[in-house]
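This report concerns only the one structure given below.
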Amino acid sequence: QVQLVESGGGLVQAGGSLRLSCAASGRTGSSYHMGWFRQAPGKEREFVAAISWGASITKYGDSVSGRFTILRENGKNTVYLQMNSLKPEDTAVYYCAAGATFNVIVSNSGVVYWGKGTQVTVSS
């Protein structure tokens, strides 16, 4: 069992930056691939970014590529999402995810471990 707790959300103006954190605890944190998803009201959950357990592979959703960066510190069992050049359309609840298979994270096809989410609101 893995527990994930997100933090760092808030209200920011368009063009600003935020850094989200996801702390993993429980069975193990460092051997899992990690990812971030987001869900805006009335929309489906959307893939944002993923990072392999050794941080050698990263992948981003088309809407955030070039603006967001996913990082991890395995010694702290923490994954970060650095969000720059934020837009109002980035407003959503952001969720952290963990899984044993990287492609499962990317495709959201059976992710088992989810955090409860943190709200990000970008004002225009």
Side-chain angles (χ1 to χ4, degrees):
Q1 194 80 341
V2 175
Q3 292 79 43
L4 304 172
V5 179
E6 303 96 335
S7 61
L11 175 63
V12 64
Q13 288 188 333
S17 299
L18 276 178
R19 191 179 205 191
L20 305 183
S21 299
C22 171
S25 62
R27 191 173 177 177
T28 181
S30 61
S31 63
Y32 282 92
H33 307 296
M34 304 290 291
W36 289 95
F37 290 77
R38 66 186 183 186
Q39 188 166 18
K43 294 188 177 182
E44 292 187 355
R45 192 165 292 190
E46 175 190 15
F47 169 74
V48 174
I51 187 166
S52 62
W53 71 269
S56 61
I57 303 172
T58 58
K59 190 169 179 65
Y60 297 91
D62 290 342
S63 60
V64 306
S65 184
R67 299 187 297 123
F68 291 9
T69 302
I70 188 169
L71 308 157
R72 69 187 298 165
E73 288 188 83
N74 286 342
K76 295 182 178 180
N77 289 334
T78 301
V79 174
Y80 305 96
L81 185 67
Q82 178 66 44
M83 305 185 295
N84 299 329
S85 302
L86 283 162
K87 305 175 181 179
E89 50 264 43
D90 294 318
T91 296
V93 177
Y94 283 70
Y95 297 91
C96 181
T101 304
F102 188 77
N103 287 338
V104 167
I105 298 280
V106 173
S107 62
N108 191 14
S109 56
V111 174
V112 175
Y113 301 115
W114 293 97
K116 293 184 178 181
T118 185
Q119 176 71 47
V120 172
T121 303
V122 184
S123 62
S124 57

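Predicted model, so just to flag it, every value in this text is computed and none were measured.
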* Reported CG-to-NZ distance for the pair Asn103 and Lys59, which is rounded to 0.5 angstrom -> 8.5 Å
* Does Glu46 offer a backbone N or O that forms a donor-acceptor pair with the side chain of Asn108 under 3.5 Å? -> no
* Spell out, yes or no, whether Leu4 and Leu20 are grouped together once hydrophobic residues are joined by side-chain heavy atoms under 4.5 Å, including indirect joins. => yes
* Structure fact -> Distance col, row Ser21:OG vs Gln82:CD, nearest 0.5 angstrom, shows 9.5 Å
* To do: Calculate, to the nearest 0.5 Å, the distance between atoms OG and OH belonging to Ser52 and Tyr32 respectively.
  => 15.5 Å
* **Trace of the side-chain contact (heavy atoms from CB on, under 4.5 Å) decision for Arg45 with Trp114** => CA-CA 12 Å; Arg45 192 165 292 190; Trp114 293 97; 3.2 Å; yes
* **Residue from Arg19, Arg72, Glu73 passing side chain to side chain donor-acceptor pair (under 3.5 Å) with Tyr80** => Glu73
* Asked: Within the side chain of Ser109, is there an N or O that forms a donor-acceptor pair under 3.5 Å with the backbone of Ser107?
  -> no
* To do: Output the rest of the hydrophobic cluster of Leu11: all Ile, Leu, Val, Met, Phe, Trp and Tyr residues reachable through side-chain heavy-atom contacts under 4.5 Å, sorted by chain and number.
  => none
* Starting at NE2 of His33, measure out to CD1 of Ile51 and round the result to the nearest 0.5 Å. => 11.0 Å
* **Ser65 side chain vs Asp62 backbone, donor-acceptor pair below 3.5 Å** => no
* To do: Scan Phe47, Tyr113, Tyr95 and name whichever one has a ring pair (Phe, Tyr, Trp, His ring centres under 6.0 Å) with Phe37.
  => Phe47
* Structure fact -> Per side chain to side chain donor-acceptor pair (under 3.5 Å), Tyr94 is matched among Arg38, Gln39, Glu6 by Arg38
* With distance as the sole criterion, is a donor-acceptor pair present between the side chains of Ser63 and Glu89 under 3.5 Å? -> no
* Take Asp90 and Arg67 through the side-chain contact (heavy atoms from CB on, under 4.5 Å) test and state the conclusion after the steps. => CA-CA 11 Å; Asp90 294 318; Arg67 299 187 297 123; 2.8 Å; yes
* Asked: Yes or no on side-chain contact (heavy atoms from CB on, under 4.5 Å) for Phe68 and Leu86, after CA distance, side-chain angles and deciding distance?
  -> CA-CA 9 Å; Phe68 291 9; Leu86 283 162; 3.8 Å; yes
